[in-house]
> 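This structure is in structure tokens; I'll ask about it shortly.
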Number of protein chains: 2
Amino acid sequence: MKPKITLKDIARELEVSISTVSKALKNSEEISRDTKDKIQAFAKLYNYKPNNIAVSLKNRRTKNIGVIIPDIVHHFFTTVILGIEKYANAKGYNVLVCVSNEGYEREVINMELLANGSIDGFIMSLSTETQQKSDYNHIKEVTDQGIPMVMFDRVTERIQCDKVVIDDAQGAFLAVKKFVESGKKKIALITTDDYLSVGKARTDGYKKALAHYNIPLEESLILKMPSMEVEATAFDSFFKTQEVDAVLCVNEIFAMHAMRLVHGMNKRIPEDISFIGFTDGLLSKFAMPSLTAIAQHGELMGEEAARMLIEKVETESDEATFTTTVLQPTLIERASTL
Amino acid sequence: MKPKITLKDIARELEVSISTVSKALKNSEEISRDTKDKIQAFAKLYNYKPNNIAVSLKNRRTKNIGVIIPDIVHHFFTTVILGIEKYANAKGYNVLVCVSNEGYEREVINMELLANGSIDGFIMSLSTETQQKSDYNHIKEVTDQGIPMVMFDRVTERIQCDKVVIDDAQGAFLAVKKFVESGKKKIALITTDDYLSVGKARTDGYKKALAHYNIPLEESLILKMPSMEVEATAFDSFFKTQEVDAVLCVNEIFAMHAMRLVHGMNKRIPEDISFIGFTDGLLSKFAMPSLTAIAQHGELMGEEAARMLIEKVETESDEATFTTTVLQPTLIERASTL
DNA sequence: TATTAACACGAAACCGTTTTCGTAACTTTT
DNA sequence: AAAAGTTACGAAAACGGTTTCGTGTTAATA
């Protein structure tokens, strides 16, 4: 076991000062060719690597960006992380991911933890609980300290910062359009309560699309879940009582559950009932029949968020000018629609 | 915008020394009740939080643990992270996740990055490429420096460290047992090349189980993919040429793909062909029919890995005694088997 | 009243870097 | 040969904390 070697070690060994070593390793003009060669060779031999912590403390920059997501098991979020990593790594930044697990408490703790020096900026998506409580003080505190922040997907207008979202309403619109154009009339929506920002936007888009196609809105065709969990009995009674020929679901899980139910009722998909689900994840791809989906372009979203953040991090300008980037969703047609 | 407040700021404001402030905030006995009250009140008022970087530098401990996983989109790994976070957070540790994206290069970079002071220990699972190259120098360097390390799932005997794996062979055995007991005879295996440690173990278990039940091993019933990717044509010709009544797949994706293929050939699942897949993830749950699966207990694995690591981190003992924990998989019966 | 102990606090070193500034020792200029 | 300019390096402060040790003041003891 050979413990890590420091500048001081090199300096002592080579009988020069610490400053000389530091400069030599940075190839400073101040140091003679000879000394530089000697020091660099020695450093390479002993595999010297500067201590990140010390460098961060000195420079007051960590080259780390903190990402807080509600749920790491959810495919969408993982693709966003992929995009963030991709861009950030290319720019020499490291990505620290923390999971709030859809909880307010863990979101606060993780943010405080990272905010105390560990990162140069945040990329985050709100947890369900935070959106319900509508308490954003922990976030405000961070931005008040001047730490750059980018929110994505689950955002709030209560915080002034850069944001990147997809046009959820447009996604719902695309889905309804698809249904209408294949002759469907009784179009249902399975969604969550409105406090989830995305749930609301998608519901709005659904309603707007119906209006656009002159289809009367029937509230009874909208099934709202109180959370992201599937409530089996609610699904059961919904499909028993309602006559529908197309269903738009705000996530894959809802869609999978509904499709199985409908399948059990001996209806054909897509002939009798068509399905479209939000988020083009693994489930959509491998469902039977495969599920037509609205792609959220998570990776792109991540890249864009990282780009915005690093931009802010690297320009010291105090003037706060925040932009919101809206990404356009696309419809991925598969076997669950005509 | 109010920038972060430091000990120095408090000291200046309250006209005491930095040391006094530091001690007061730690409730040291050395400081009088009065002064402590005053300082603590002031600190709370201005929301003082110690700078993590400075504390880490001073203590030479970060209270961070680094996790390197090959793929964040894979459900299994995310559940492991969940387990790690759960245990680590409870112990006051923060979890930094980096993704190698199944690549050797990114694995090396991420490890070097984190190893230079950012973390107290590693939990990792090898990338595919690293296993192929069989080059573990970057890992050896880290362990040589005395940084504690725990490997999980995709491990190598070339590195001396704590490990936690599931008994993959036993998992395969359970699957074959299930098939045999429901009267299946022509049991196929869809797996990856042997360089993937888990692929090999599962194949071994499959063979051992066949032997145990006196079923002749037919190499033609084993379909090997060169990577984790599905090669559609290989699947096609396999199911066209081979007569099978049961299929064990080393991952969900392979199973999904095969089931769809078989479905298209108008065979019934599970009556004509039964299926079992490794890793009990979302796809298994929502497949049609739902997929009988071998649960890997990722969350448990994560907790165990975190427990082992923190144990090592917190005991300074130099004597290296490494243990390997083997978790037992379980069979989750669903509709794809009789 | 002189001595000692307890109390409450400050000075300073330290963690591992970076960076500014000062300065010997040469080299060049006049 | 004295003045000025280079060159090559070191001392020291700084980043924001923690911690050891020393010390002035007061209270208890002899």
Side-chain angles (χ1 to χ4, degrees), chain A residues 3-40 42-43 46-64 112-120 145-147, chain B residues 3-40 42-43 46-64 113-120 145 147:
Chain A
K4 212 175 276 303
I5 189 174
T6 70
L7 285 188
K8 195 192 285 187
D9 298 329
I10 302 183
R12 184 176 356 90
E13 219 59 38
L14 262 38
E15 299 185 304
V16 291
S17 77
I18 294 183
S19 356
T20 304
V21 178
S22 176
K23 289 171 192 162
L25 293 178
K26 300 195 110 71
N27 234 325
S28 158
E29 286 307 320
E30 259 182 90
I31 309 298
S32 72
R33 197 59 270 161
D34 278 6
T35 329
K36 279 199 283 192
D37 286 347
K38 201 174 52 175
I39 292 178
Q40 286 170 3
F42 189 92
Y46 285 92
N47 193 26
Y48 169 80
K49 295 271 164 47
N51 179 312
N52 283 336
I53 298 285
V55 174
S56 294
L57 181 59
K58 179 62 194 169
N59 296 347
R60 291 133 98 33
R61 306 190 56 214
T62 61
K63 281 266 183 181
N64 287 160
E112 289 191 346
L113 206 52
L114 294 184
N116 288 320
S118 304
I119 51 97
D120 294 340
Q145 277 172 34
I147 300 180
Chain B
K4 215 177 273 306
I5 188 173
T6 71
L7 284 189
K8 197 192 286 188
D9 298 329
I10 302 184
R12 184 175 358 89
E13 219 59 39
L14 262 37
E15 300 185 302
V16 291
S17 77
I18 293 183
S19 359
T20 304
V21 177
S22 177
K23 288 171 191 162
L25 293 177
K26 300 194 110 71
N27 233 324
S28 159
E29 287 306 319
E30 256 182 276
I31 308 298
S32 72
R33 201 50 279 158
D34 278 6
T35 328
K36 279 200 283 194
D37 286 347
K38 200 174 54 174
I39 294 178
Q40 287 171 3
F42 189 91
Y46 284 93
N47 194 27
Y48 169 80
K49 294 271 165 42
N51 179 313
N52 284 335
I53 297 285
V55 175
S56 294
L57 180 59
K58 176 63 194 172
N59 297 348
R60 291 132 96 39
R61 306 191 57 218
T62 61
K63 281 270 184 175
N64 285 160
L113 205 53
L114 293 184
N116 289 322
S118 305
I119 51 96
D120 294 338
Q145 277 173 33
I147 300 180

> Judged by each residue's nearest nucleotide on DNA chain C, which is more toward the 5′ side, A:Asn59 or B:Val21?
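Final value for this comparison: B:Val21.
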> For A:Asp34, is there an ion pair with A:Lys38 - N to carboxylate O distance below 4.0 angstrom?
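The answer is no: the pair does not qualify as a salt bridge.
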> Give me the atom names and distance for the closest heavy-atom approach of A:Thr62 to A:Asp120.
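Distance-wise, the nearest heavy atoms are N-OD1, 2.8 Å.
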> Output the rounded distance in Å from CG (A:Asp9) to C1' (C:dC14).
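Checked: the CG to C1' distance equals 15 Å.
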> Please report the distance, rounded to the nearest Å, between CG in B:Leu25 and C1' in C:dC9.
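Atom-to-atom, B:Leu25 to C:dC9, this comes out as 15 Å.
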> Judged by each residue's nearest nucleotide on DNA chain C, which is more toward the 5′ side, B:Leu57 or B:Ile31?
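Taking each residue's closest nucleotide, the earlier one in sequence belongs to B:Ile31.
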> Would you mind telling me which residue lines up with the more 5' stretch of DNA chain D, A:Ser19 or A:Ala54, judged by nearest nucleotide?
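Counting from the 5' end, the first nearest nucleotide belongs to A:Ser19.
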> In whole angstroms, how far is the C1' atom of D:dT18 from the CG atom of B:Asn52?
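Value for this atom pair: 14 Å.
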> Nearest whole Å is fine: how far is D:dG22 P from B:Glu30 CD?
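B:Glu30 atom CD is separated from D:dG22 atom P by 13 Å.
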> A:Thr6 near the nucleic acid: base, sugar-phosphate alone, or nothing, with a heavy-atom cut-off under 4.0 Å?
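Answer is sugar-phosphate: A:Thr6 comes under 4.0 Å of backbone atoms only.
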> Using a 4.0 Å heavy-atom cut-off across all strands, classify B:Ser32 as base, sugar-phosphate, or nothing.
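Since only primed, P, OP1 and OP2 atoms lie under 4.0 Å of B:Ser32, the category is sugar-phosphate.
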> Atom CG of A:Asn27 and atom P of C:dT18: how far apart are they, to the nearest Å?
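The answer, rounded to whole Å, is 13 Å.
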> Return yes if the base of D:dG10 and the side-chain atoms of A:Lys23 contain a donor-acceptor N/O pair under 3.5 Å, otherwise no.
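Such a pair is found, so the answer is yes.
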> If only side-chain N and O atoms of A:Tyr48 are considered, is one of them under 4.0 Å from the OP1 or OP2 phosphate oxygen of C:dG16?
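No.
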> Taking the side chain of A:Val55 as heavy atoms from C-beta outward, which of C:dT18, D:dT19, C:dG10 is closest to it?
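Nearest nucleotide to the side chain: C:dT18.
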> What's the spacing between B:Lys63 NZ and B:Ser56 OG if we round to 0.5 Å?
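The distance works out to 11.0 Å.
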> Do you know which two heavy atoms are closest between B:Pro50 and A:Asn116, and how far apart they sit?
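Of all heavy-atom pairs spanning B:Pro50 and A:Asn116, the closest is O-CB, 3.6 Å.
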> Side chain of B:Lys26, base of D:dG17: donor and acceptor closer than 3.5 Å?
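No, no donor-acceptor pair under 3.5 Å.
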> Looking at every heavy atom in both B:Asn52 and A:Ser118, which two are closest together, and how far apart are they?
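Heavy atoms of B:Asn52 and A:Ser118 come nearest at ND2-OG, 3.5 Å.
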> Can you check the A:Ile18 CD1 to D:dA14 P distance for me, whole Å?
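In whole Å, D:dA14 P lies 17 Å from A:Ile18 CD1.
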> C:dC14 C1' sits how many Å from A:Leu7 CG, rounded?
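Value for this atom pair: 15 Å.
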> Establish, with yes or no, whether the OP1 or OP2 oxygen of D:dA8 is under 4.0 angstrom from a side-chain nitrogen or oxygen of A:Arg33.
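For A:Arg33, the contact criterion (side-chain N or O under 4.0 Å from OP1 or OP2 of D:dA8) is not met.
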> Whole angstrom is fine here: how far is it from CG in A:Asn51 over to C1' in C:dT18?
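Atom-to-atom, A:Asn51 to C:dT18, this comes out as 13 Å.
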> Under the 3.5 Å rule, do the base of C:dA8 and the side chain of B:Thr35 count as making a donor-acceptor pair?
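Between C:dA8 and B:Thr35, which were checked side chain against base, a qualifying N/O pair under 3.5 Å is absent.
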> Which atom names give the shortest non-hydrogen contact between A:Ile5 and A:Tyr48, and what distance separates them?
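Closest approach of A:Ile5 to A:Tyr48: O-CD1, 3.3 Å.
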> Confirm from the modelled atom types if A:Thr20 and D:dA8 form a donor-acceptor pair under 3.5 Å, side chain to base only.
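No pair found.
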> Tell me what A:Ser56 touches on the nucleic acid: a base, only sugar-phosphate, or nothing, going by heavy atoms under 4.0 Å.
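It contacts nothing in the nucleic acid.
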> Report yes if a side-chain nitrogen or oxygen of A:Arg60 is closer than 4.0 Å to either non-bridging phosphate oxygen (OP1 or OP2) of D:dA14; otherwise report no.
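No.
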> Does any N or O donor sit under 3.5 Å from an N or O acceptor when you compare the side chain of A:Lys58 with the base of C:dT18?
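Donor-acceptor pair under 3.5 Å: yes.
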